[in-house]
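Chain identifiers are assigned alphabetically (A, B, ...) following the order of the sequence lines, protein sequences preceding nucleic acid strands; residue numbering begins at 1 within each chain.
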There are 2 protein chains.
Amino acid sequence: MQELLKATRALSDETRLRILTVLLERECCVCEVMQALEISQSRASRNLCILFNAGFLRTRRDGPWVLYSLDTESDNHVAVALVNSLEGLLAGNEITVLDRKRLAEAERVGPGCVSRNTG
Amino acid sequence: MQELLKATRALSDETRLRILTVLLERECCVCEVMQALEISQSRASRNLCILFNAGFLRTRRDGPWVLYSLDTESDNHVAVALVNSLEGLLAGNEITVLDRKRLAEAERVGPGCVSRNTG
DNA sequence: GTTAGATATGCGGATATGCGCATATCTAAT
DNA sequence: ATTAGATATGCGCATATCCGCATATCTAAC
């Protein structure tokens, strides 16, 4: 029950639903998620972390980047089943279409360009 | 998106997951839900209301009772799809097994017996 | 070691949530 | 109209959630 609750709580937030939809498209680093959703770095990182802890994502390192992707082969049946349901339910949604469009134009540059271009 | 969010938020609570599991068994009035989950009347009523507003339930009156049941034929695809996923994920859960056991023994007597037997 | 870039996290504040308590509303019967 | 039973709801409190800000951590390159 606790595992399922953790998963449903993770899904009960618009930012995280949007992140999942972006990750349905392809593997992303944090800075790409930021750009796609037009949100802050800490917000992207935190919500990715929540999805990860709920069993939806896996990560790997590629140099300075941490790449997040959907864990479709997880032994966490809960997460896999719920993502499969969500995929159809989110398809065609206005917001997520925009997110994916911005993702397509996103570059793997870090958050520094966004939040620290003054110093 | 707002419709989906409303649904996922409704599912992000243990009490409501337990209520859904009980309703997967059969149609219930509020006082039966109270007895099955061993929770207060206001808690049962409120959470049923949240599930209803999220599109998971329908209601009908039977005399003094309001009967809640899963709205399996809803045009709310979101709710239908999510409940279908949940059904498998909750099957066999310890807590919900107990809830269903108590439901089997529940009687359609009102909350008065529980909360107002002193006055 | 130092530096710069990429990500994670402690903290505080605003807001949302879940609950119990008490009470209001609604129904049926008299 | 009155009463009793069944359900809904206003209110207040305790707690949880979400976010931005600032900072810490980690990696790679020098």
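- When each of A:Arg43 and A:Gly63 is assigned the nucleotide of DNA chain D bearing its nearest heavy atom, the one mapping closer to the 5' terminus is A:Arg43.
- A heavy atom lying under 4.0 Å from DNA chain D marks the following residues of residues 14-21 of chain A, by number: A:Thr15, A:Arg16.
- None of B:Asn93, B:Asp99, B:Thr96 except one satisfies the side-chain hydrogen bond (donor to acceptor under 3.5 Å, both in side chains) rule with B:Arg18; the exception is B:Asp99.
- For B:Asp13, the listed nucleotide lying nearest its side chain is C:dG18; candidates were C:dT7, C:dA6, C:dG18.
- Residue B:Gln35 contributes atom CD, which lies 15 Å from atom P of D:dG5 at whole-angstrom precision.
- Taking a 4.0 Å limit (strictly below) on heavy-atom distances, residues 44-52 of chain B reaches DNA chain D at B:Ser45, B:Arg46.
- The interatomic distance linking B:Trp65 (CH2) with D:dG5 (P) rounds to 12 Å, in whole Å.
- Put simply, the side chain of B:Ser12 gets close to the backbone of B:Arg9: a donor and an acceptor are under 3.5 Å apart.
- Rounding to whole angstrom units, CD1 of residue B:Ile39 and P of C:dC19 are separated by 8 Å.
- Inter-axis angle, ends of the helix from C:dG1-D:dC30 to C:dT30-D:dA1, five pairs per end, rounded to 10 degrees: 30°.
- Following rounding to the nearest Å, B:Asn53 (CG) and C:dG18 (P) show an atom-to-atom distance of 13 Å.
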Check your understanding: Passes side-chain contact (heavy atoms from CB on, under 4.5 Å), B:Ser69 versus B:Arg58? Steps please.
Key -> CA-CA 6 Å; B:Ser69 58; B:Arg58 57 178 131 84; 3.2 Å; yes

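- The CZ atom of A:Arg108 sits 9 Å away from the P atom of C:dT7 (whole-angstrom rounding).
- With D:dG20, D:dA16, C:dT17 as the candidates, the nucleotide lying closest to the side chain of B:Arg9 is C:dT17.
- Side-chain atoms of A:Gln41 come within donor-acceptor range of the base of C:dA8, with a qualifying N/O pair under 3.5 Å.
- Comparing C:dA22, C:dA8, C:dT7 by their closest approach to the side chain of A:Cys29 singles out C:dT7.
- Both A:Leu23 and A:Ile95 belong to a common hydrophobic cluster when Ile, Leu, Val, Met, Phe, Trp and Tyr are linked at side-chain heavy-atom distances under 4.5 angstrom.
- Hydrophobic cluster membership differs between B:Val80 and B:Leu24, with clusters built from Ile, Leu, Val, Met, Phe, Trp and Tyr side chains linked at under 4.5 angstrom.
- The separation between B:Leu37 atom CG and C:dC19 atom P is 11 Å, rounded to whole Å.
- A:Ile50 and A:Ile39 fall into different hydrophobic clusters, where Ile, Leu, Val, Met, Phe, Trp and Tyr are joined by side-chain heavy atoms under 4.5 Å apart, directly or via other members.
- To the nearest 0.5 Å, the span separating CG on A:Leu37 from CG on A:Leu98 amounts to 10.5 Å.
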Practice item. Might you work through the side-chain contact (heavy atoms from CB on, under 4.5 Å) test for B:Leu4 and A:Leu86, ending with a clear yes or no? Key: CA-CA 9 Å; B:Leu4 174 56; A:Leu86 284 179; 3.9 Å; yes

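- Surrounding CD of B:Glu105 are more than 12 heavy atoms belonging to other residues, nucleotides or ligands, all under 6.0 Å away.
- Picking from C:dT27, D:dG20, D:dT7 the nucleotide with the shortest atom distance to the side chain of B:Cys31 gives D:dT7.
- A:Ile19 and B:Met1 fall within the same hydrophobic cluster, where Ile, Leu, Val, Met, Phe, Trp and Tyr residues are linked whenever their side-chain heavy atoms come under 4.5 Å apart, directly or through other members.
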Review point. Can you list the steps and then say if A:Arg108 with A:Asp62 is a side-chain contact (heavy atoms from CB on, under 4.5 Å)?
Key: CA-CA 11 Å; A:Arg108 195 177 290 182; A:Asp62 178 16; 3.2 Å; yes

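- Put simply, CZ on A:Arg60 is 15 Å from C1' on C:dA6, counting in whole angstrom units.
- Between the P atom of C:dT17 and the CG atom of B:Leu5 lies a distance of 10 Å, rounded to the nearest Å.
- Within 4.0 Å (heavy atoms only), B:Ser40 reaches sugar-phosphate atoms of the nucleic acid but no base atom.
- Mapping B:Val30 and A:Ser42 onto DNA chain D by nearest heavy atom places B:Val30 at the nucleotide closer to the 5' end.
- With B:Thr8 contributing its side chain and A:Leu11 its backbone, the two residues share a donor-acceptor pair below 3.5 Å.
- A sub-4.0 Å separation between OP1 or OP2 of C:dA8 and a side-chain N or O of A:Tyr68 is present.
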